[in-house]
Amino acid sequence: MPALSTRIISFLLRTTGIYRKMFAGGPRMPDFIAKAQSVPSEPSAKVKAALSVTRSDFQGQAVWDIAPRDGAPSATVLYWHGGGYIYPAASAHWDFIAHMAGVHRWRVVAPLYPLAPGHDAVAITAFALDFYKDFAAKMGDAPFLMAGDSAGAGLAAATAMAARDAALPLPAKLILICPWLNVDPVHPDQPGIEPNDAILTIRGIREAGLMYAGTAGVKDRRVSPIFGDWAGLPPILAFGGGSDILVVDARALKDLLPAIDYVELDGMIHDWPIFFFPESRDAQARMAAFAAG
């Protein structure tokens, strides 16, 4: 059972709908998307003061590089943020990245990729692969990891597959946090999980998935990488939560690749490993150990 503090915060998130309203779908969702995309996403002043934070641009998109101020980083991680492919990186993402840099001494490179509905999966995954090529070339022979949460985990998986197919150097490891691997929410378990999901709704992710898929369709591996070829990819650490409608995707990945390191906790909401719950801190320490191992 989750810690008491975790249960209280999860209850408040469910009842207030702070996040869920953004993924409720329906006629109001385009307004939420437009408002969110109109505000630049970047690390807070507190994060900038505490860590080494630099910004660059790639194909017109901001790229943030966040690392400890002194000493060599313990790992370099290319990180793709979640948000249903429609929302920019949120404060929870920046807080998570800052925690991994400040506590676990990661260097995190976080590209803010183009978003739907202005861009579709063909354009977004092309951007991701172009950035990956540039990033891997700059890393040279130095090892790096690739990670992401939710939609970002799906983009990380699709990018790893594309990199493999292009015979590019692969990351040493992949970390997939509550991955969105099938944008078509038709799994029979999802309606039963939905009332306990504090962040996502079936209608909302269905609509976001269609915006992202565009002409490629929901079963294209760039859109729904669960349908892709997972052979030859690096070792994977994945997380799922019992109160997350996307847990069915994480479980499908574990069924497909039984050897992966998979952590699922009952009662945990979507994206719980990036938050500040006691269970989140344990998951973050596990990520750091996986990266270092």
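Keep in mind that what you see is a predicted model, and the values were worked out from it rather than measured. This chain uses plain numbering: 1 for the first residue, then up along the sequence.
- Panel note: side chain Ser150, backbone Trp180; no donor-acceptor pair is recorded below 3.5 Å.
- Considering every non-hydrogen atom in both Val223 and Gly217, the closest pair reads CG2-O, 3.4 Å.
- Partners of Asp95 according to the salt bridge (Lys or Arg N to Asp or Glu O under 4.0 Å) rule, which considers only residues two or more places apart in sequence or in another chain, do not exist here.
- Between Arg7 and Leu4, some side-chain heavy-atom pair lies under the 4.5 Å cut-off.
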List the atom pairs, donor and acceptor, that lie under 3.5 Å between side-chain atoms in residues 25-36 and the rest of the protein, sequence neighbours left out.
none

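- In this structure, the side chains of Phe227 and Asn182 come closer than 4.5 Å at one or more pairs of heavy atoms.
- Atom CG of Asp65 is separated from atom CD1 of Ile97 by 10.5 Å, given to the nearest 0.5 angstrom.
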For this session: Give the C-alpha distance, both sets of side-chain angles, the deciding distance and a yes or no for side-chain contact (heavy atoms from CB on, under 4.5 Å) between Asp70 and Arg105.
Result: CA-CA 10 Å; Asp70 52 11; Arg105 301 193 58 80; 4.0 Å; yes
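- Separation of atoms NE2 (His99) and CZ (Arg281) is listed at 4.0 Å; rounding is to 0.5 Å.
- Applying the salt bridge (charged side-chain N to carboxylate O under 4.0 Å, His left out) definition to pairs two or more places apart or across chains, those involving residues 262-278 are Arg251-Glu264.
- Of all heavy-atom pairs between Ala151 and Gly83, the closest is CB-N, 4.3 Å.
- A donor-acceptor pair shorter than 3.5 Å can be found between the side chains of Trp94 and Ser41.
- In the hydrophobic clustering of ILVMFWY residues, with side-chain heavy atoms under 4.5 Å counting as a link, Val183 and Leu256 come out together.
- Applying the salt bridge (Lys or Arg N to Asp or Glu O under 4.0 Å) criterion to Glu279, with sequence neighbours excluded, gives no partner residue.
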N/O donor-acceptor pairs under 3.5 Å from side chains in residues 49-59, not counting sequence neighbours:
{"unit_1": "Arg55", "atom_1": "NH2", "unit_2": "Asp57", "atom_2": "OD1", "d": "2.8"}
{"unit_1": "Gln59", "atom_1": "NE2", "unit_2": "Asp130", "atom_2": "OD2", "d": "3.1"}

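- Although no hydrogens or angles enter the test, the distance criterion places a donor-acceptor pair under 3.5 Å between the side chain of Gln61 and the main chain of Leu112.
- For the residue pair Ala291 and Ala75, the shortest heavy atom distance occurs at CB-CB, 4.2 Å.
- Partners of Glu207 by side-chain hydrogen bond (donor to acceptor under 3.5 Å, both in side chains), not counting sequence neighbours, listed by chain and number: Arg203.
- In this structure the side chain of Trp80 reaches within 4.5 angstrom of the side chain of Pro111, judged on heavy atoms.
- Checking side-chain atoms of Ser280 against main-chain N and O of Trp272 turns up a donor-acceptor pair under 3.5 Å.
- Checked against Tyr79 for a ring-ring contact (aromatic ring centres under 6.0 Å, His included), the options Phe144, Tyr113, Phe96 give a single hit: Phe96.
- His93 pairs by the ring pair (Phe, Tyr, Trp, His ring centres under 6.0 Å) definition with His81, not counting sequence neighbours.
- The closest side-chain donor-acceptor pair between Ser74 and His104, if any, does not fall under 3.5 angstrom.
- In this structure Tyr19 satisfies the ring pair (Phe, Tyr, Trp, His ring centres under 6.0 Å) test with no other residue, sequence neighbours excluded.
- Note that CG of Leu145 is 10.0 Å distant from CG of Leu237, once rounded to the nearest 0.5 Å.
- Formation of a donor-acceptor pair under 3.5 Å by the Ser224 side chain with backbone atoms of Arg221 is not found in this model.
- To the nearest 0.5 Å, atom CG of residue Leu200 and atom CD1 of residue Ile245 are 5.0 Å apart.
- Distance alone, capped at 3.5 Å, places no donor-acceptor pair between the Arg107 side chain and the Ala67 backbone.
- Side chains of Tyr262 and Leu257 form no contact here, defined as non-hydrogen atoms less than 4.5 Å apart.
- Proximity of Tyr85 to Leu155: side-chain heavy atoms (C-beta onward) are separated by under 4.5 Å at one or more points.
- Proximity of Lys254 to Ile260: side-chain heavy atoms (C-beta onward) are separated by under 4.5 Å at one or more points.
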Compile the donor-acceptor pairs under 3.5 Å between side chains in residues 172-179 and protein atoms, sequence neighbours left out, one pair per line.
{"unit_1": "Lys173", "atom_1": "NZ", "unit_2": "Phe290", "atom_2": "O", "d": "2.5"}
{"unit_1": "Lys173", "atom_1": "NZ", "unit_2": "Gly293", "atom_2": "O", "d": "2.7"}

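- The salt bridge (Lys or Arg N to Asp or Glu O under 4.0 Å) test applied to Lys138 returns Asp134, not counting sequence neighbours.
- Residues passing the side-chain hydrogen bond (donor to acceptor under 3.5 Å, both in side chains) test with Arg286 are Asp261, sequence neighbours excluded.
- Counting only heavy atoms from C-beta outward, the side chains of Ser91 and Ser44 never approach each other to under 4.5 Å.
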Exercise. Stepwise, does the side-chain contact (heavy atoms from CB on, under 4.5 Å) test hold for Phe135 with Thr76?
Worked result: CA-CA 11 Å; Phe135 176 80; Thr76 297; 3.9 Å; yes
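- In this structure, the side chains of Val103 and Gln284 stay at 4.5 Å or more apart for every pair of heavy atoms.
- In this structure, CG on Leu246 lies 7.0 Å from CD on Gln190, to the nearest 0.5 angstrom.
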For this session: May I have the step-by-step check of side-chain contact (heavy atoms from CB on, under 4.5 Å) for Val77 and Met100, ending in yes or no?
Result: CA-CA 10 Å; Val77 181; Met100 298 308 295; over 6 Å; no
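- Looking at every heavy atom in both residues, Pro225 comes nearest to Trp230 through O-NE1, 2.9 Å.
- At a threshold of 4.5 Å between side-chain heavy atoms, the hydrophobic network of Ile, Leu, Val, Met, Phe, Trp and Tyr places Phe276 and Met287 in one connected group.
- The main-chain N or O of Asp197 is found under 3.5 Å from a side-chain atom of Arg20 such that the two form a donor-acceptor pair.
- Although no hydrogens or angles enter the test, the distance criterion places no donor-acceptor pair under 3.5 Å between the side chain of Trp64 and the main chain of Val108.
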Distance-only criterion, 3.5 Å: show the donor-acceptor pairs between side-chain atoms of residues 117-125 and protein atoms not counting sequence neighbours.
{"unit_1": "His119", "atom_1": "ND1", "unit_2": "Leu115", "atom_2": "O", "d": "3.2"}
{"unit_1": "Asp120", "atom_1": "OD1", "unit_2": "Val122", "atom_2": "N", "d": "3.2"}
{"unit_1": "Asp120", "atom_1": "OD1", "unit_2": "Ala123", "atom_2": "N", "d": "3.2"}
{"unit_1": "Thr125", "atom_1": "OG1", "unit_2": "Ala121", "atom_2": "O", "d": "2.6"}
{"unit_1": "Thr125", "atom_1": "OG1", "unit_2": "Val122", "atom_2": "O", "d": "3.4"}

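- Taking CD1 of Ile199 as the reference point, atom CD1 of Ile269 lies at 4.5 Å (rounded to 0.5 Å).
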